[in-house]
Amino acid sequence: MKFIDLLHTASSSMLRSKARTILTIIAIFIGATTITLTNGIGTGIKSYLNKQIGNLGATNVLTIQLTNPSSSGPKSASSAPAPYNSNQRVAAISGGRNFEQQLLMSAKNINTIKANPGILSAVPARAISPDYIMGLSGKYQLSLAQQFGATSAQMLAGGGVNNNSSENQITIPGNYVSSLGYSSNQAIIGKTVTIGITSAEGIQSTVTTTVVGVQQIAVIGSASAYANTSLANQLYNIQSTGLPAATVNSYTTVAATFPSNFTPAQITSLENRLKTEGYTGQTVKDRENTVFTALNVIIIVFDMFGVIALLAASFGIVNTLLMSVQERTKEIGLMKALGMSPRRIFTLFSIEAVLIGFWGSALGVGFAALLGKVINTIGQNGFLKDFKGLSLLTFPITTIVAVIVGIMLIAFLAGTLPAIRASKKDPIEALRYE
Amino acid sequence: MNSVVATKNVSKTYGKGEAAFSALENVSLSIAPGESVAVVGKSGSGKSTLMHILALLDKPTNGTVLVDNQDASSLNGRQLDVLRNKRYGFVFQQFFLNEKDTVLNNVILPLKIGRVGRKERLERGMKVLKAVELEEKATSRAGTLSGGQKQRVCIARALINNPGVIFADEPTGNLDSHTGKTVEDLLFRLNKEQGITLIIVTHDPDIAQRCKRQLHIIDGRLTNKGNI
């Protein structure tokens, strides 16, 4: 038999006992729907987080700290306290309920970091604590961070700050626009705002800066405004006025930029090189991966439900086809007597199994996609209102194809036992059957 | 002597040891092209087993089967499949039609198996249906036909590859005497006009008498092999 004839024969014999076929297809359908939905949610959340990650900072920046052997990892009962090193200063950093010892860095460390090939720039990441931001009227609290590298946040209007500009520049989150007295995101671009900051001596002064961009409000990370180098330096100078030089010139964290076209392998090798020099470097992606690892575990657990449903369904296929082989003993015998080879008989029944898998999975995936669309629409108008730009369920074509092909493969495997049984039927026994 | 199918000392034993049952013992025969042969015997005499062995559906325990003067045991599975598909036609007492499929699709099944293209299948299918006078039933479901019509569909299916030999197992066993006669006439006309070798397993003495030669089987033994 030609393949097209086999396909045709398999389809028509599938339809011969409709109820049984449909029930088996429903079982596959449930499994396929479950797997597609869980993967859809996973993909949706991941792609949303991916967009959001941009708001956490530039992707071509390494946040570098000195590796502190005494503070990393759980301490065993026998571990001795770290010996004092006169060249090494430490600071206690609050990390929730715990205070962590963090080694302090100086200009010397920055030079070592800069010496690494691939590092474009390295500057201290200093905490800037402005008192307020003021637009046309009213003063508002502001959390401000220095923009290292290229801006990767999603912009609602305008663009990122320019670190090479001598002009003070800032990008602000979208929820500040109306408070600062402007009617739209576009209206505030190019306008001047005032930032108030108090020095270590307690004297408050103001700095003006141009708003160059409005960012999407970040759901993860604190909703902060970003300052360019010029603004950040000016603010830090005011803030640190009156502080001893030793404090001003020591910092826990250094932000180093590398070319934005670096491959993950190049980034890893850069991180490894820093590690041998005693530094711990992390990109935004590294932090993101920690989140994704947890997310993946959740998705896998959900996928297990789908897999269990499919496992049950595949026994349904075995059962359906075994009954079919039994019922069609005469037909198989006849085809063999008329010269059909056992291999072709095997193929015929395998195709039938794969077809059941195909229809079940295609319908399941289609239904899941439809359901996803409905949930997304409801969600964006309701319970996901606060998460702008989040499509809870996303179905890339690769996932859809992978689910369908995977289930067809499972169906094929489930069909082998009945197909082998059919191919081994003795035509004489089969034709004698009444 | 030239033969389409022949056996030399063929035996067939089912089971082993004490429980062994001998269905055929030392059967030697030779069937010439264009002959019509009736295999006659009581139920359980071994006549169906003999037909299965002649039709290469079964293998003998001992002895050799010759197809066109060639030892059948030298053919592999694929060659046997092709031989049965192209050279042999089968007509069964139980018809073995796919009742839910159309008459035409039933008839062209051997062509489908033999990988013949769609267009040629339709042409040849209609031609053989014409030969058995069922062309107007081509698109009917096989299940809707009468017994006699079903058997004629079976014969059409057997004819579709222009076979050298038709094996018929009790072809009229399920039919009343009148329709049985029609089917019988059709088979013998094919034998006469197209020179197709007929090998008929039957209880019916009328059919047996119309054949040129009768092979009587009693308890697995041929009793009159010299009788032509």
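Below, chain A is the first sequence line, B the second, and so on; all start at residue 1.
Contacts classified as salt bridge (charged side-chain N to carboxylate O under 4.0 Å, His left out) and involving residues 16-29 of chain A (residues at least two apart or in different chains) are given here: A/Arg16-A/Glu331, A/Arg20-A/Glu327. Within the structure, salt bridge (charged side-chain N to carboxylate O under 4.0 Å, His left out) pairs that include any residue of residues 148-162 of chain B comprise B/Glu99-B/Lys150 (at least two apart or interchain).
The number of heavy atoms from other shown groups lying within 6.0 Å of CG (B/Asp71) is above 12. Sparse packing is recorded around NZ of B/Lys130, with 12 or fewer heavy atoms of other residues, nucleotides or ligands lying under 6.0 Å away. The number of heavy-atom neighbours closer than 6.0 Å to CG of A/Leu15, taken from other residues, nucleotides and ligands shown, is above 12. Within a 6.0 Å sphere centred on CZ of A/Phe305, other residues, nucleotides and ligands contribute 12 heavy atoms or fewer.
Taking CZ of B/Phe95 as the start and NZ of A/Lys330 as the end, the distance is 10.5 Å to the nearest 0.5 Å. Considering CG of A/Asp5 and CZ of B/Arg115, their distance stands at 9.0 Å, rounded to 0.5 Å. With rounding to the nearest 0.5 Å, the separation of CG in B/Asn105 from OG in A/Ser12 is 8.0 Å.
Only the side chain of B/Arg121 has a heavy atom closer than 4.5 Å to any heavy atom of chain A. With a 4.5 Å cut-off on non-hydrogen atoms, B/Lys100 touches chain A through its side chain but not through its backbone. If you measure heavy-atom distances from B/Arg78 to chain A, the contacts under 4.5 Å come from the side chain alone. Both the backbone and the side chain of B/Asp58 come within less than 4.5 Å of a heavy atom in chain A.
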N/O donor to acceptor pairs below 3.5 angstrom from side-chain atoms of residues 400-414 of chain A, sequence neighbours left out:
none

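Scanning all heavy atoms of the two residues, the minimum distance from B/Lys112 to A/Thr9 falls at NZ-OG1, 4.3 Å. When all heavy atoms of A/Ile428 and B/Leu57 are compared, the closest pair comes out as CD1-O, 3.4 Å. Nearest heavy atoms, B/Pro110 versus A/Leu338: CG-CD1, 4.0 Å. Minimum heavy-atom separation, B/Phe92 to A/Leu334: CE1-CD1, 3.6 Å.
Interface with chain B: from residues 340-364 of chain A, residues A/Met340, A/Ser341, A/Pro342, A/Arg344 qualify, criterion being any non-hydrogen pair under 4.5 Å.
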